[in-house]
**Student:** 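Let me begin by handing over the structure; questions about it come next.
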There are 2 protein chains.
Amino acid sequence: MIAKKQHPLVESFVDRLEAGGHRVTGARWAVARAVARQRGHFAADALAQELPGVGRATVFRNIKLMVEMGFVCRVLLGDGRLRYQISHRGHHHHLICSDCGRSEDLLGCDLDSILQDRAADHDFAMEGHWLEVYGRCRACRPQEAAA
Amino acid sequence: MIAKKQHPLVESFVDRLEAGGHRVTGARWAVARAVARQRGHFAADALAQELPGVGRATVFRNIKLMVEMGFVCRVLLGDGRLRYQISHRGHHHHLICSDCGRSEDLLGCDLDSILQDRAADHDFAMEGHWLEVYGRCRACRPQEAAA
DNA sequence: GATACTCGCGATACCAAGTATCATTATGAT
DNA sequence: ATCATAATGATACTTGGTATCGCGAGTATC
Ligand SMILES: [Mn+2]
Ligand SMILES: [Mn+2]
Ligand SMILES: [Zn+2]
Ligand SMILES: [Zn+2]
């Protein structure tokens, strides 16, 4: 534990590692710090390139771990590619701009009961869902003419 | 046009090819027939293996074409893998069983206005959305005890 | 039916994202 | 300090898909 002041994400991750009986390794500090400094979504390979001292497989392994722990979430882009992003823990969705590609969190999903019902009509017991919303963010929209 | 009676999907696809100025090739008949005989979702590579006479790239190209034309849709599995499936044309979603892996169409999506509103709260102009619902189908559920 | 124009094909190589293997090393417990 | 082993990093492999390009099969015109 190189105690220096760290980004909260890094500290929480390390806490969770310790709590879960995982080892707190140099590679894990490095990956967590690299994730913490990302703005918006990122590809695992790109992150690996930012960390020449850490093996590629290790980067993938630890991103996966951070996803499982809820620190990072997956973002499905409109073209089918998958990205990672720092997660607001808990269930949420993404507003993904088809223009600039940025993804914004859509917190407070209230679809569960609606979907639960639709699924029940098909005699299907819903356990979860995955939703991404595509469109254009404010910045990428031509000035809206006053109505 | 080797006019023999064909599966409706194959005939519609050929019609759309002609209407769109695309050539009706042997490979396209073969891919369309192979798609038509799939039950549930399938991987593009698996389809290619069923068609030893057709090049792999051609199988991918034509599945893509069928997706663009709306004859085939993509299904995102719970583990992140992507599959293809014959599509009920038009916007719809999938009920995917985490147990047997089968996917059932959930027609008549009425989420648009709800999502439109949520997105608007974030100053985001929604243009589309992607939703998959996970759970357990009837067959994969332990007998429900009478309440 | 023959001609010509060109789209689409298949072979191949390539790419992107991720996983399996395994000898070596660093971590954390004692 | 010692030790057991979880984790790493190098490497190879897998899966899913795309770029290239010479060649052959579709289609339109005659
Ligand atoms: Mn998120
Ligand atoms: Mn479908
Ligand atoms: Zn934007
Ligand atoms: Zn099932």
Side-chain angles (χ1 to χ4, degrees), chain A residues 1-3 13-35 41-69 72-85, chain B residues 1-3 13-35 38 41-69 72-85 101:
Chain A
M1 239 182 301
I2 306 138
F13 178 52
V14 170
D15 287 350
R16 277 286 297 271
L17 286 174
E18 288 170 343
H22 292 100
R23 292 183 182 176
V24 181
T25 66
R28 282 180 174 154
W29 281 103
V31 171
R33 275 194 294 253
V35 168
H41 52 72
F42 57 91
D45 265 310
L47 205 80
Q49 280 166 29
E50 289 185 26
L51 299 167
V54 180
R56 204 177 77 102
T58 299
V59 173
F60 276 87
R61 281 190 283 246
N62 284 311
I63 290 177
K64 191 181 195 179
L65 186 58
M66 294 184 83
V67 170
E68 284 159 7
M69 289 183 169
V72 167
C73 58
R74 298 181 212 223
V75 181
L76 182 65
L77 266 36
D79 59 11
R81 284 177 310 169
L82 193 65
R83 292 285 111 108
Y84 298 93
Q85 182 167 337
Chain B
M1 236 184 299
I2 306 139
F13 177 51
V14 171
D15 287 350
R16 277 285 295 271
L17 286 174
E18 288 171 342
H22 295 282
R23 291 183 183 175
V24 182
T25 66
R28 282 180 174 156
W29 280 102
V31 171
R33 275 194 294 253
V35 168
Q38 300 301 309
H41 51 74
F42 57 92
D45 266 310
L47 205 80
Q49 279 166 29
E50 289 184 26
L51 299 167
V54 180
R56 203 176 77 105
T58 299
V59 172
F60 276 88
R61 282 191 282 246
N62 284 309
I63 290 177
K64 191 180 194 180
L65 186 58
M66 294 185 83
V67 170
E68 284 159 7
M69 288 181 169
V72 167
C73 57
R74 298 181 213 224
V75 181
L76 182 66
L77 266 35
D79 59 11
R81 284 178 309 169
L82 193 66
R83 290 286 112 105
Y84 298 93
Q85 181 166 340

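Numbers restart at 1 for each chain; the letters A, B, ... are given by sequence-line order, proteins then strands.
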**Student:** Provide, to the nearest angstrom, the distance between the CG atom belonging to L82(B) and the C1' atom belonging to dT15(D).
**Tutor:** 12 Å

**Student:** Without decimals, in angstroms, what is the distance between F42(B) CZ and dG17(D) P?
**Tutor:** 11 Å

**Student:** Quick one: W29(B) CH2 to dC9(C) P, roughly how many Å, whole number?
**Tutor:**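 To the nearest whole Å, that distance equals 14 Å.
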
**Student:** When you measure from the side chain of Y84(A), which nucleotide among dG18(C), dT19(C), dG17(D) comes out closest?
**Tutor:**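 Per side-chain heavy atoms of Y84(A), the pick is dG18(C).
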
**Student:** Would M69(A) and H22(A) count as a side chain to side chain contact (heavy atoms under 4.5 Å, CB included) here? Give the steps.
**Tutor:** CA-CA 12 Å; M69(A) 289 183 169; H22(A) 292 100; 3.9 Å; yes

**Student:** Check the pair E18(A) / D15(A) against side chain to side chain contact (heavy atoms under 4.5 Å, CB included), numbers first and verdict last.
**Tutor:** CA-CA 5 Å; E18(A) 288 170 343; D15(A) 287 350; 4.3 Å; yes

**Student:** Residues two or more places apart in sequence or in another chain: which of them pass side chain to side chain donor-acceptor pair (under 3.5 Å) with E50(B)?
**Tutor:** R37(B), Q38(B)

**Student:** In whole angstroms, how far is the P atom of dT18(D) from the CG atom of L65(B)?
**Tutor:**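 Distance, rounded to whole Å: 13 Å.
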
**Student:** In whole angstroms, how far is the C1' atom of dA19(D) from the CZ atom of F60(B)?
**Tutor:** 14 Å

**Student:** Quickly work out the R81(A) CZ to dA17(C) P distance and round it to whole Å.
**Tutor:** 8 Å

**Student:** Heavy atoms, side chains only, cut-off 4.5 Å: are Y84(A) and R74(A) in contact?
**Tutor:**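 Heavy-atom side-chain distance check passes, below 4.5 Å.
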
**Student:** Name the one of D45(A), V31(A), L47(A) that satisfies side chain to side chain contact (heavy atoms under 4.5 Å, CB included) with F60(A)?
**Tutor:**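 Going through the options one by one, the only one that passes is D45(A).
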
**Student:** Hey, are the side chains of T25(A) and L17(A) touching, using non-hydrogen atoms and a 4.5 Å cut-off?
**Tutor:**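 They are not in contact (no side-chain heavy atoms under 4.5 Å apart), so the answer is no.
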
**Student:** Could you state the CD-C1' distance from Q49(A) to dC15(C), rounded to the nearest angstrom?
**Tutor:**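 In whole Å, dC15(C) C1' lies 13 Å from Q49(A) CD.
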
**Student:** Please state how far atom CG in L76(A) lies from atom P in dA16(C), giving the value in whole angstrom units.
**Tutor:** 19 Å

**Student:** Listing time: all N or O pairs from protein to nucleotides 6-10 of chain D that are below 3.5 Å?
**Tutor:**
| from | atom 1 | to | atom 2 | distance (Å) |
| --- | --- | --- | --- | --- |
| dA6(D) | O4' | R23(A) | NE | 3.4 |
| dA6(D) | O4' | R23(A) | NH1 | 3.4 |
| dA6(D) | O4' | R23(A) | NH2 | 3.3 |
| dA6(D) | N3 | R23(A) | NH1 | 3.1 |
| dA7(D) | OP1 | R23(A) | N | 3.3 |
| dA7(D) | OP1 | R28(A) | NH1 | 3.2 |
| dT8(D) | OP1 | T25(A) | OG1 | 3.0 |
| dT8(D) | OP1 | N62(A) | ND2 | 3.3 |
| dG9(D) | OP1 | G53(A) | O | 3.2 |
| dG9(D) | OP2 | G55(A) | N | 3.0 |
| dG9(D) | OP2 | T58(A) | OG1 | 3.1 |
| dG9(D) | N7 | R61(A) | NH2 | 2.6 |

